[in-house]
Amino acid sequence: MIQPLSVVPGFDLWPGLLSPQAQAELVAAVFEAAQAAPFAHYATAYGKAMSVGMTSFGPLGWTSDASGYRYADRQPATGRPWPAMPPALLDLWTELGDPDTPPDSGLINLYRGDARMGPHQDRDEADPRFPVLSISLGDTAVFRIGGTSRKDPTRSLKLSSGDVCRLSGPARLAFHGVDRILAGSSSLVPDGGRINLTLRRARPA
Ligand code: SIN
Ligand code: FE2
């Protein structure tokens with residue numbers, strides 16, 4: 001395994017970790033999953049629909065509506081379970097996430113057009129000792145990461161297709177978001193755009 005770049009303490013980046021073939025296989029797995037669990041633009045607690053389309057792999061999917069954010073074992077729209085986590089993602093988590101406790105949620109974010117994600121913390125998981133692993137596919141994202149307070153200074157960096165990053169330790173609860181997508185920077189995603197996968201352990205081990 002190549003050594004990651006430590007961008008800020010606890011935020012590690014493996015540029016281009018995934019081969020073009022591995023990237024294409026994950027994109028195919030995402031669109032297959034979306035047949036069974038269509039992308040949705042969830043409402044935030046403030047009532048506004050998110051610009052990012054979301055669905056999930058694994059036993060639990062992250063969802064949002066007017067009553068708040070949560071992990072659910074059924075798709076809100078259909079009442080059906082989420083599609084299974086692809087083995088390649090389980091393997092990546094074993095290597096870079098946690099060797100003993102599997103992830104129970106793989107959030108799939110689809111950015112098209114002007115989609116973006118405002119600064120937020122990932123704090124709906126029971127145990128922040130487990131990291132969040134993030135995989136970028138398709139168009140490059142202008143990503144921003146700060147500290148554990150909204151007022152902390154932030155850094156901007158580009159995440160390109162095949163990059164993998166990890167939020168753990170002092171960066172596990174860091175504010176982060178996506179300012180914009182560089183449309184047309186990759187041709188990996190059919191009809192364009194960016195897919196981001198985040199692997200998490202939502203329930204206690
Ligand atoms: C997220 O914070 O859920 C997504 C981050 C990203 O798209 O890179
Ligand atoms: Fe996040």
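Each ligand, and each atom within it, is numbered from 1 in the order the structure gives. Source: prediction; values computed, not measured.
- Inter-residue side-chain proximity for Val164 and Leu92 is flagged as met; some heavy-atom pair is nearer than 4.5 Å.
- Between Thr198 and ligand 1, no pair of N/O atoms sits closer than 3.5 Å.
- Heavy atoms of Gln121 found under 4.0 angstrom from ligand 1: none, in either backbone or side chain.
- Counting only heavy atoms from C-beta outward, the side chains of Pro59 and Trp82 never approach each other to under 4.5 Å.
- For Arg155 (side chain) and Val7 (main-chain N/O), a donor-acceptor pair under 3.5 Å exists by modelled atom type.
- Within the 3.5 Å criterion, the main-chain N or O of Gly146 finds no donor-acceptor partner in the side chain of Asp152.
- Where the criterion is an N or O separation shorter than 3.5 Å, residue side chain and backbone included, Ser134 fails it with respect to ligand 1.
- Judged by the 6.0 Å distance and 45° axis criteria, Arg150 is not positioned over the aromatic ring of Phe175.
- Proximity to Val178 (heavy-atom distance under 4.0 Å) selects the following atoms of ligand 1: 6 (C), 7 (O), 8 (O).
- The Phe143 neighbourhood of ligand 1 comprises atoms 8 (O), with distances under 4.0 Å to a heavy atom of that residue.
- With contacts defined as side-chain heavy-atom distances shorter than 4.5 Å, the pair Leu96/Trp14 qualifies.
- Taking a 4.0 Å cut-off on heavy atoms, Met54 fails to register as neighbouring ligand 1.
- The angle that Asp122 OD1 and His176 NE2 make at the Fe ion (ligand 2), rounded to 10°, works out to 100°.
- Short contacts between ligand 1 and Asn196, defined as distances under 4.0 Å to a heavy atom of the residue, involve ligand atoms 4 (C), 5 (C), 6 (C), 7 (O), 8 (O).
- What you find for Leu60 and Arg203 is that their closest heavy atoms are CD1-CG, 3.4 Å.
- Protein heavy atom at the shortest distance from atom 3 (O) of ligand 1 is Asn109 ND2, 3.3 Å.
- The Fe ion (ligand 2) sits nearest to atom NE2 when only the N, O or S atoms of His120 are considered.
- Residues Trp93 and Arg201 approach most closely at CH2-N, 4.0 Å, considering heavy atoms.
- Nearest protein heavy-atom neighbour of atom 8 (O) of ligand 1: Arg194 NH2, 2.9 Å.
- Within ligand 1, the atoms closer than 4.0 Å to a non-hydrogen atom of Arg200 are 3 (O), numbered from 1 in the order shown.
- Annotation: His176 places an N or O atom under 3.5 Å from an N or O atom of ligand 1; distance criterion only.
- Here the heavy atom of the protein found nearest to atom 7 (O) of ligand 1 is Tyr111 OH, 2.5 Å.
- For Val52, no heavy-atom contact with ligand 1 is shorter than 4.0 Å.
- Nearest protein heavy-atom neighbour of atom 1 (C) of ligand 1: Met117 SD, 3.5 Å.
- Across every non-hydrogen atom of Ala36 and Arg80, the tightest pair is O-NH2, 2.9 Å.
- Rounding to the nearest 0.5 angstrom, the gap separating the CD1 atom in Ile108 from the CH2 atom in Trp62 is 14.0 Å.
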